[in-house]
Amino acid sequence: MNFDPDEQFRCTIIRGKAKNMLDNLLPAYANIIDDLCPCDKGFFATNFNNRLVNILGQHTSKKTLDNHRTEIAGKLFGMYYEDGEVILPSNRTLKYLDDSDQPAFFKDICFKFQFPNGMDKVDKVIEKVAARISIRQYPYILQVLLSADKSNIRLTKDDIAFYVLNSLQVLQGKVTPDQVIEKIAEERNEGITRKVRHPGKQSSFSMQHIREQLNYLELANLIRIDSNLIQLNYRESKNINYIAGFWDKKPEFDVYNYDLTSEEGKKNFFYDWQVYYSDLNGHKSFTTTIDSLEVYTTTPTCDLDKKALGDEGENFVLEYEKERVRSFDPSLIRKIVHLGQTKGLGYDIQSVVAEPGESAEFVKYIEVKSTKRVTVPDLSDSTWIDTINLTRNEWIAAAQHRKSYYIYRVYFTPGQATMYVIRDPYTKNQDEKLKAKPVSYRIDFSNSSVDYMVVEEKEAYQ
DNA sequence: TTTACCCGTGTA
DNA sequence: TACACGGGTAAA
C-alpha cells in the first residue's frame with residue numbers, strides 16, 4: 001500500500017501532567033492506594049482525595065482531585081481496578097511498591113498501551129472503531145525510531161505527530177515503519193515540513209496528547225527529547241528491541257470483540273479493559289538498570305544491560321560512606337559494616353560520625369532507601385513530595401537510636417545519583433517535620449482464632 | 001443530579 | 001511552548 005500521510009486522524013489520550021510531576025506523583029498515588037485498598041468505591045474516593053489534597057494543596061478543588069484519581073491513577077497509570085464494588089491495587093502498583101523502579105512502571109505502560117482502548121469515553125471508542133484503528137503505538141514509535149537511525153535520519157516530535165500518531169493509515173496498521181521513514185526522507189528532500197495543527201484551535205488541542213505520549217517513553221527511560229529532537233536511549237536497547245518487536249502485532253486487548261452499543265457490552269468492555277491494562281505484561285517483567293540511567297549515547301552499543309542488583313542503593317551508600325570517612329580519618333573505615341544480608345536490625349549500614357569533635361567515633365546507623373526515576377527530584381519544587389516505607393524493625397531502630405539513626409534516600413536518575421539524608425526521623429515525626437503513619441497489621445493467630453479448616457488431597461486441585 | 005473523560009483557557 | 005485547573009459535556 002502507498003503511504004498517504006495526509007489522511008489524518010486525531011487520536012487522543014487522557015491529558016496527564018508534566019514529566020516531573022508524574023514522576024513525583026507516582027509514589028504518592030502508589031502509597032495512598034496501598035494504604036486504602038482493598039476498600040469500597042465510596043471510601044476510596046473520599047480518602048484518596050483527602051490524602052491527595054495534602055500534597056497538591058488545600059486550594060485544590062474536588063473536581064481536580066477526582067480527575068487525578070480517575071484519569072491519571074486510574075485510567076492512564078492503571079494503578080487500581082474495581083471488582084464488584086471493591087477497589088483493588090493492580091499488579092503494576094504492587095510491583096512498583098516492591099521495586100521502586102519508576103522507569104520500569106512506565107515501560108510496562110508503554111508496552112500495554114494501544115488504540116483503541118478502554119480509557120476513552122464510549123463515544124470516542126466507537127469513533128476509533130469506526131475508523132478501523134488498531135495499533136500498539138509505542139512498539140510502533142520505537143520501531144520507527146530504530147528505522148530512522150538506520151537511515152541516519154533524526155526525528156522531531158512534529159514528525160512523530162504528523163507521520164505516526166496522527167496518521168490514520170499508521171493507526172490502522174496499514175503502513176510499515178520503514179515506509180514512514182521513506183516518506184519522511186522523501187518529503188524532506190522536497191523541502192516539506194509537516195505539523196499537526198487544527199485551524200481555529202490552540203496547539204494544545206492538536207499536540208498535548210501527542211507530546212504527553214512521548215513523555216511516557218521518556219519516563220520509561222527509552223528515549224530522550226532534546227529540545228525538539230527525539231533520541232533512543234541505546235543503553236536500553238534490550239527493552240527497546242523487545243517492545244519494538246511488537247510493532248506489527250495486533251493489540252493484545254481486542255476492542256473489536258465487544259458490542260459497544262449494548263449496555264451489557266459496554267459494561268464488559270470497560271471492566272475487561274481495566275483488568276487487562278492494570279495487570280502487568282504477562283510475558284516480561286521490566287527492570288531498569290543503573291547502567292541504563294547513565295548519560296545516554298547516540299551511538300548504538302551492544303547490550304549494555306547488566307543484571308540489576310537488589311542492593312544497588314546500599315552499595316552506593318557504602319562507597320559514599322567509605323569515601324566520607326576516609327577523608328576524615330582512614331583508620332575509621334574498618335568501623336563501617338555492611339549489614340545488608342542481616343535481617344531484622346532495622347538498618348543496612350553501620351558507620352561512624354566522622355566529624356570533628358568528641359563524637360567522631362560514635363556509631364551511625366544508616367537505612368538506605370533507593371529508587372529509580374527519570375527526572376531529578378528537586379527540593380525547591382513546590383510540588384515535590386516523596387514517601388518511603390519503613391518496616392516495624394526499622395522504625396523501632398529509629399526510635400531507639402534517635403540522633404544516630406539516618407535514612408539515606410537515594411535517587412538514581414540519568415547521569416547522576418542524588419541523595420537526601422534524613423537524620424533522626426523519629427524525633428522529626430514528633431516535631432511534625434515529617435509524617436510517619438503505621439499502615440500494616442501483623443496478625444498472630446492460634447487454634448482459638450480458627451473457624452474451620454479445609455484439607456484436600458493433592459489430586460483434587462492438581 | 002452526579003460522574004468522569006474531554007479539552008478551553010490562562011499562566012509561567 | 002508546555003502544561004494543569006476546572007469548566008464542558010454526555011452518559012450513568
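Within every chain, numbering begins at 1; the chains are lettered A, B, ... in the order of the sequence lines, protein sequences first and strands thereafter.
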With a distance cut-off below 6.0 Å to the six-membered ring centre and an angular limit of 45° from the axis, does A/Lys284 pair with A/Phe111 as a cation-pi contact?
no
Does A/Lys174, at its NZ atom, have more than 12 non-hydrogen atoms belonging to other residues, nucleotides or ligands within less than 6.0 Å?
no
Among all residues two or more places apart in sequence or in another chain, which pass the salt bridge (Lys or Arg N to Asp or Glu O under 4.0 Å) test with A/Arg15?
none
Distance-only, no hydrogens or angles: does the A/Glu212 side chain make a donor-acceptor pair with backbone N or O of A/Gly16 under 3.5 Å?
yes
Within residues 77-91 of chain A, those residues having any heavy atom closer than 4.0 Å to DNA chain C are none
A/Glu82: partners by side chain to side chain donor-acceptor pair (under 3.5 Å), with sequence neighbours left out:
none
Measure the spacing between OG of A/Ser167 and CZ of A/Phe3 and express it to the nearest 0.5 Å.
4.0 Å
Pick the closest DNA chain C nucleotide for A/Thr64 and for A/Asn215 by heavy atoms, then say which residue is nearer the 5' end.
A/Asn215
According to ring-ring contact (aromatic ring centres under 6.0 Å, His included), does anything in residues 142-170 of chain A pair up with another residue at least two apart or in another chain? List the pairs.
none
Which part of the nucleic acid, if any, lies within contact of A/His209, taking any heavy atom under 4.0 Å across all strands shown: a base, the sugar-phosphate backbone alone, or nothing?
nothing
Distance alone, cut at 3.5 Å: any donor-acceptor contact between the side chains of A/Thr418 and A/Gln416?
yes
A/Glu182: partners by salt bridge (Lys or Arg N to Asp or Glu O under 4.0 Å), with sequence neighbours left out
none
Tell me, please, which residues at least two apart from A/Arg136 pass salt bridge (Lys or Arg N to Asp or Glu O under 4.0 Å).
none
Distance-only criterion, 3.5 Å: show the donor-acceptor pairs between side-chain atoms of residues 34-46 of chain A and protein atoms not counting sequence neighbours.
| from | atom 1 | to | atom 2 | distance (Å) |
| --- | --- | --- | --- | --- |
| A/Asp35 | OD2 | A/Arg51 | NH1 | 2.7 |
| A/Asp35 | OD2 | A/Arg51 | NH2 | 3.2 |
| A/Asp40 | OD1 | A/Gly42 | N | 2.9 |
| A/Asp40 | OD1 | A/Phe43 | N | 3.1 |
| A/Thr46 | OG1 | A/Gly42 | O | 3.0 |

At a heavy-atom distance below 4.0 Å, which nucleotide of DNA chain C is the first touched by chain A, and which is the last?
C/dA2 to C/dA12
Is there any side chain to side chain donor-acceptor pair (under 3.5 Å) pair reaching into residues 189-204 of chain A, and which pairs are they, with sequence neighbours excluded?
A/Asp6-A/Arg194, A/Asp158-A/Lys195, A/Glu187-A/Arg194, A/His198-A/Ser206
Tell me, please, which residues at least two apart from A/Tyr29 pass side chain to side chain donor-acceptor pair (under 3.5 Å).
A/His68
B/S/- along nucleotides 1-12 of chain B (protein heavy atoms under 4.0 Å) is ---BBBBBB---
Let me check the geometry of the helix from B/dT1-C/dA12 to B/dA12-C/dT1. What is the bend angle between the axes at its two ends, five pairs each, to 10°?
10°
